[in-house]
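Quick notes on the structure that follows.
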Amino acid sequence: MQDETSLWRESGLRLSGFGHYYPRLLVENESAEDPAGNAVDEAVIGRLDVRSRHVADEEETPAYMGVRAARAALEQAGVTPGEIDLVVFSNWTDRQFVPEWAPHTAHLLGAERALAFDVCGACTGFVHGVQTAAAYFGTHADWRHALVVSSERFSRRVRPGSKGELIVGDAAGAAVLSRGAEPDAGLWDSLLISDGSGRETVTVYPPNGWIRSSRELVSVAADSHADLAARMLARSGTKMEEIDWVVPHPGTGQLHTAVRERLSIPEERFITNYETRANTGSASVPIVLSEMALDGRLKPGDLCYTPTVGSGWYYGGLLFRV
C-alpha cells in the first residue's frame with residue numbers, strides 16, 4: 001500500500017469556483033422497476049434508488065462536456081481562460097492512448113498558455129486532480145489559477161440491459177483552484193491512497209470494457225472510507241461533527257448506508273445527487289459542489305469533506321473551508 005499525502009492549510013490555496021454540465025438526454029427509471037439482478041447486484045446495488053440519469057450523445061464527448069463545466073466554474077471564480085496556468089483533466093470511462101483529453105479541452109476553452117494533462121485514479125480522479133494541481137503550485141510561485149475538470153461517460157462502461165446500467169450516468173464537473181485564501185480558509189488537506197491488494201474489487205477488462213464489481217465491494221469501500229476518515233481527521237485535528245458537508249463519491253445506495261452508519265454521519269450532512277444523476281464516476285463530487293454553490297447551500301465558512309473510492313484500489317479525499 002502506498003499513500004500520497006499533502007497538508008495545504010498554510011498554502012493559501014482555495015477552491016474559488018465550481019461548474020457542471022449534464023448531457024441533454026435525461027433517462028427516467030420507472031418507479032416500479034427494480035430488477036432483482038444477480039447475487040453481486042444484490043450485494044453491491046441492492047434496491048434501485050436512482051430515479052433518473054443523463055446519457056451523453058456522440059457530440060457530447062468528455063472534452064465537450066468538460067469545456068462547458070469549466071466555463072461555469074471560471075465564471076463563478078471570476079477568472080478568464082487566459083489566466084489559467086494549469087488544466088488537470090480526470091477521466092477513466094474513455095481511456096485512450098493519445099491524444100489526451102486535457103490539451104484538447106484547454107484549446108477549446110481558450111486556455112492556450114496552460115499546461116494541460118490527464119489523470120485517472122478511476123472515481124477518485126477529482127481528488128487526484130486537485131491534489132496534483134496543488135502540488136504544482138508549490139513549484140511554480142508565479143502561477144495563480146488551475147482548473148480541474150472531471151468528465152465521464154459512465155453509461156458506456158456498463159453491460160446493456162444490466163441492473164448496473166440503471167445506476168450510472170454521464171456528466172462533467174469542474175473546479176478552479178486559486179491562490180489567495182483567507183487565513184484558515186481554503187484547502188486544508190488532501191489524501192490519496194493506493195492499495196494494489198484490492199485491484200480485483202472493481203475491474204474493466206477487454207473485449208467489451210464493461211465494469212465488473214466483486215460482491216465484497218461495499219465492505220472494502222466502507223473499510224476504506226473508515227480508514228480515510230480516521231487519517232484525515234487526525235491529521236487536521238478535526239472531528240466529524242465539525243464538518244458541515246460530507247460530499248462523497250456515490251458508489252451505490254448500499255455503500256451510502258454503510259458509510260453513514262460506520263462513521264455516524266447525519267443524513268442531512270451527507271450530500272449526493274445519486275437519486276437524480278446516478279453514479280457519474282470522478283465527476284460526482286464536483287457536480288454536487290457546483291449544485292450546492294448555485295442553490296446557496298454552500299456558504300463561506302463551511303467546512304467540506306469529500307471522500308472517494310475507486311478501482312485500482314484507490315481511496316482519497318479533500319478537506320477544505322469555503
Side-chain angles (χ1 to χ4, degrees), residues 3-16 18 46 49 123-124 126-128 130-131 134 173 175 177 181-193 195 218-277 279 282 284-310 314-322:
D3 70 37
E4 182 181 322
T5 63
S6 299
L7 283 168
W8 308 109
R9 201 160 179 172
E10 305 300 323
S11 68
L13 297 175
R14 64 190 178 99
L15 292 166
S16 58
F18 300 100
D49 43 13
C123 295
T124 66
F126 179 68
V127 171
H128 190 4
V130 172
Q131 179 162 287
L177 185 67
E182 296 295 326
D184 204 39
L187 186 61
W188 280 17
D189 195 13
S190 66
L191 178 59
L192 184 62
I193 300 164
D195 181 5
V218 171
S219 62
V220 172
D223 287 345
S224 296
H225 274 280
D227 182 51
L228 178 71
R231 295 195 198 196
M232 293 197 73
L233 295 178
R235 283 154 54 95
S236 63
T238 306
K239 297 179 181 178
M240 185 61 75
E241 54 265 31
E242 296 177 302
I243 295 174
D244 296 292
W245 304 112
V246 178
V247 181
H249 161 63
T252 69
Q254 294 278 79
L255 178 56
H256 299 169
T257 301
V259 172
R260 284 201 310 265
E261 292 178 352
R262 184 81 169 267
L263 300 178
S264 300
I265 303 171
E267 190 169 354
E268 64 272 15
R269 292 195 287 117
F270 189 91
I271 310 298
T272 78
N273 55 14
Y274 179 69
E275 290 187 359
T276 55
R277 311 296 185 183
N279 181 343
S282 73
S284 59
V285 168
I287 64 176
V288 171
L289 293 172
S290 177
E291 288 182 337
M292 293 176 69
L294 283 177
D295 66 24
R297 280 177 293 171
L298 199 61
K299 297 179 176 65
D302 284 352
L303 186 60
C304 301
Y305 171 56
T306 67
T308 64
V309 296
Y314 290 101
Y315 54 105
L318 306 174
L319 184 64
F320 66 94
R321 192 179 293 282
V322 179

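- Distance check, rounded to the nearest 0.5 Å: CD of Q131 to OG1 of T124 gives 10.0 Å.
- Of the possible polar contacts, none joining the R14 side chain to the A185 backbone as a donor-acceptor pair under 3.5 Å is found.
- A donor-acceptor pair under 3.5 Å is formed between the side chain of R321 and the backbone N or O of G301.
- Of all the heavy atoms in W245 and E268, the pair that sits closest is CZ3-O, 3.7 Å.
- Counting all heavy atoms, side chain and backbone alike, L255 lies closest to V218 at CD1-O, 4.0 Å.
- The CG atom of L13 sits 6.5 Å away from atom CG of L187, with the distance rounded to the nearest 0.5 Å.
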key: Chi angles and distances behind the side-chain contact (heavy atoms from CB on, under 4.5 Å) call for L318, V285   = CA-CA 10 Å; L318 306 174; V285 168; 6.0 Å; no
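- Residue pairs meeting the side-chain hydrogen bond (donor to acceptor under 3.5 Å, both in side chains) criterion with at least one partner in residues 284-300, sequence neighbours excluded, are H20-S290, Y22-E291, H249-S284, N273-E291, R277-E291, D295-R297.
- You'll find the side chain of L319 stays beyond 4.5 Å of the side chain of R235, heavy atoms only.
- With contacts defined as side-chain heavy-atom distances shorter than 4.5 Å, the pair F126/I287 does not qualify.
- In this structure, E241 and R269 approach most closely via the heavy-atom pair CA-NH2, 3.9 Å.
- Between I243 and L233, the closest side-chain pair of non-hydrogen atoms falls below 4.5 Å.
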task = Using the side-chain contact (heavy atoms from CB on, under 4.5 Å) rule, take L298 and C304 through it: C-alpha gap first, then chi angles, then the decisive distance, then the call.
result = CA-CA 9 Å; L298 199 61; C304 301; 3.5 Å; yes
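- Annotation: side chain of T238 is not in contact with side chain of Y305 (no heavy-atom distance under 4.5 Å).
- A side-chain donor-acceptor contact under 3.5 Å links T308 to the backbone of G316.
- By the 6.0 Å contact criterion, CD on E242 is enclosed, its count of non-hydrogen atoms from other residues, nucleotides or ligands being greater than 12.
- Taking the side chain as every heavy atom from C-beta outward, D223 and R262 approach each other to under 4.5 Å.
- By the 4.5 Å heavy-atom criterion applied to side chains, T252 and N279 are not counted as neighbours.
- Ring-plane geometry between F18 and F320 is classed as tilted, the angle between the planes lying from 30 to 60 degrees on a 0 to 90 degree scale.
- A heavy-atom distance below 4.5 Å is not found between the side chains of V247 and T272.
- Annotation: the span from S264 atom OG to M240 atom CE amounts to 9.0 Å, rounded to 0.5 Å.
- No more than 12 heavy atoms of other residues, nucleotides or ligands lie within 6.0 Å of OH in Y314, so this atom counts as exposed by the packing criterion.
- Enclosure of atom CD in E267 is not indicated, since only 12 or fewer non-hydrogen atoms of other residues, nucleotides or ligands lie within 6.0 angstrom.
- The shortest side-chain heavy-atom distance between P307 and Y315 does not fall under the 4.5 Å cut-off.
- In terms of heavy-atom proximity, A258 sits nearest to A222 at CB-CB, 4.3 Å.
- Across all their heavy atoms, Y274 and G251 have their closest contact at CE1-O, 3.8 Å.
- Note that CE of M292 and CG of L289 are 7.0 Å apart. Values are rounded to the nearest 0.5 Å.
- Note that the CE atom of M232 and the OG1 atom of T306 stand 7.0 Å from one another [nearest 0.5 Å].
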